[in-house]
Protein chains: 2
Amino acid sequence: MFIVRQTTKITAMSPYDPSAYPPFAVTVDLVVLTVRRHALCALVVRRGEAPFQGRWALPGGFVKGDEDLGAAAARELAEETGLCAHDPASPAANGAHLEQLATYGAPERDPRMRVVSVAHLALAPDLPAPRAGGDANSARWAPVDALLDHDGGFGRDGEQPAPLAFDHARILGDGVERARSKIEYSSLATAFCPAEFTVGELRRVYEAVWGVALDPRNFHRKVTGTPGFLVPSGGTTTRQGGRPAQLFRAGGATVLNPPMLRPEV
Amino acid sequence: MFIVRQTTKITAMSPYDPSAYPPFAVTVDLVVLTVRRHALCALVVRRGEAPFQGRWALPGGFVKGDEDLGAAAARELAEETGLCAHDPASPAANGAHLEQLATYGAPERDPRMRVVSVAHLALAPDLPAPRAGGDANSARWAPVDALLDHDGGFGRDGEQPAPLAFDHARILGDGVERARSKIEYSSLATAFCPAEFTVGELRRVYEAVWGVALDPRNFHRKVTGTPGFLVPSGGTTTRQGGRPAQLFRAGGATVLNPPMLRPEV
DNA sequence: GCAATAGTGTCTATGAGACACTATCGG
DNA sequence: CCGATAGTGTCTCATAGACACTATTGC
């Protein structure tokens, strides 16, 4: 395998001749979000090599030569978390939502060479403990607020996290914003919940992702009134504190009508 | 310049070593939309070479070795249409909206080799006549309905267009769906209008993009009542038929609150 | 005059948010 | 008993949509 880095300008390149092209590496990076202890958390891995050695980064890796982008993202997700991604809403046991987020390809985003990264967004329930190829403490869930507010408000704590490697802070920010807006008009918030969940658990997901407090009574009336959002799970009770709550599963609807509106008006 | 196509599986590849990677070509493809004669139209170019020779395709080209993805898309847009893209809402004269759409990288999407295409969406006013490097009739505006409905309802017409090359029909479909949903909650519909426009012209944009009829009175009350959407242009009249209409410019708001809701409930 | 588009007023149904109230558990 | 959470009813306000009505042009 011989690859010589393209450094000089290509002058005789036909606009549609792919046999003469600047070489790129293509990777997938993952923004894996979950809700833990009432906070929105992202999966980060510690880098073992330069550049950014020792810093936290989003999990990711190279796309293989015969692999689709979504397949590469699903493979990385399985390698890092054991989660099995499912797009077309199959009620698999350990399934997480996975979708393409955006692509980042600034020329200097990786100081070693030209890397274009197709970022994906995954939403997962709390259950799985992170594992990175057997290395336990090189992967962890970190609250997104701490990861993104690295230049404010953490000086006194000593637990001030370093900024994420590469442009991963921007990617994470874009992923979080996508999740925040998408649970408004889609049923994606159920991807943060286990297969069966209560209305209160779903409400705590919305509160954690949006960072607001919601009225439990209005929330209950709203989600149970939106057709196709929730279906009663037959099973009826569980304990979270007070009166037993009804258990639900995600309904078939993917788009919510009417949408769940984020307060802030 | 020596590049050997990666064909065998990489076995000794460190997960973060970008000096050993499968080689990819990275391109940008453009979904350029405009509204002409009350129909949503897309810019397509005729392919002069195999594969898909003679078929229509979305404009696009290779990303250069030292070029950002958005810069490559803006360059291609300028080459094909003469439009100057502006993201941060600068009121430039010939400015069009440009944003990243999605990335397509199925292994066999280009039969010649592995190409990953970062599709972008551009919205432009009607004015410009298409030009493709001086070759006049190799680029044209085509109604998106005709481009996407190639397998239905056109058999009697004789003007049945062939399907778009590569996976461009899917890319175009995704771009159209993005435009349709985004003009609901953002002020992007003004990107289809010239610098000064009337409420009626803006309404015809919504009607063409959504393919529905809207009540002119309610539409007028709604858009003029949404803060920051439209600002009166001082200049007051123009002729479109009946009573003179007030001229407006796009206001500073990018997100509409309340949103313009698409009928269909 | 008529036809066309621009723009305003008004009514009604619906939904969001505030909040009183009841239900059912663990202590 | 109390405190917690679950779930329902009701009131008020804002807004979408339907549509009558007026305003101002060209013909």
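Chain identifiers are assigned alphabetically (A, B, ...) following the order of the sequence lines, protein sequences preceding nucleic acid strands; residue numbering begins at 1 within each chain.
Distances shown here put a side-chain N or O of B/H220 below 4.0 Å from the OP1 or OP2 atom of C/dG7. A sub-4.0 Å separation between OP1 or OP2 of D/dT15 and a side-chain N or O of B/K222 is absent.
The interatomic distance linking B/L261 (CG) with C/dT14 (C1') rounds to 13 Å, in whole Å. Here the P atom of nucleotide D/dA4 and the CZ atom of A/R203 are 14 Å apart, to the nearest Å. Protein atom CE of A/M260 is 14 Å distant from nucleotide atom P of C/dG15, rounded to whole Å. In this structure, B/L256 places its CG atom 14 Å from P of D/dT15, rounding to the nearest Å. To the nearest angstrom, P of C/dT5 lies 15 Å from CG of B/L214. Atom pair B/F219:CZ and C/dT5:P shows a separation of 15 Å (rounding to whole Å applied). What separates CG of B/N257 from C1' of D/dA16 is a distance of 15 Å, to the nearest Å.
In this view, B/H168 and B/D29 satisfy the side chain to side chain donor-acceptor pair (under 3.5 Å) rule, not counting sequence neighbours. Partners of A/E196 under the side chain to side chain donor-acceptor pair (under 3.5 Å) rule, at least two apart in sequence or in another chain, are A/S233, A/R249. By the ring pair (Phe, Tyr, Trp, His ring centres under 6.0 Å) test, B/F219 is found to be paired with B/Y206, residues two or more places apart in sequence or in another chain being considered. Evaluation of the side chain to side chain donor-acceptor pair (under 3.5 Å) rule for B/R170 yields no partner, not counting sequence neighbours. Taking the side chain to side chain donor-acceptor pair (under 3.5 Å) definition, one finds that B/R217 meets it with nothing, sequence neighbours left out.
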>> I'd like to compare against my own output: the B/S/- annotation of nucleotides 18-25 of chain D with a strict under-4.0 Å heavy-atom distance to protein.
In response: BBB--BBB

>> Could you go through B/Y104 and B/D174, starting from their C-alpha distance and side-chain angles, then the distance that decides it, and tell me whether this counts as side-chain hydrogen bond (donor to acceptor under 3.5 Å, both in side chains)?
In response: CA-CA 11 Å; B/Y104 302 83; B/D174 291 347; 2.5 Å; yes

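Note on A/P216: nothing from the nucleic acid sits closer than 4.0 angstrom, heavy atoms only.
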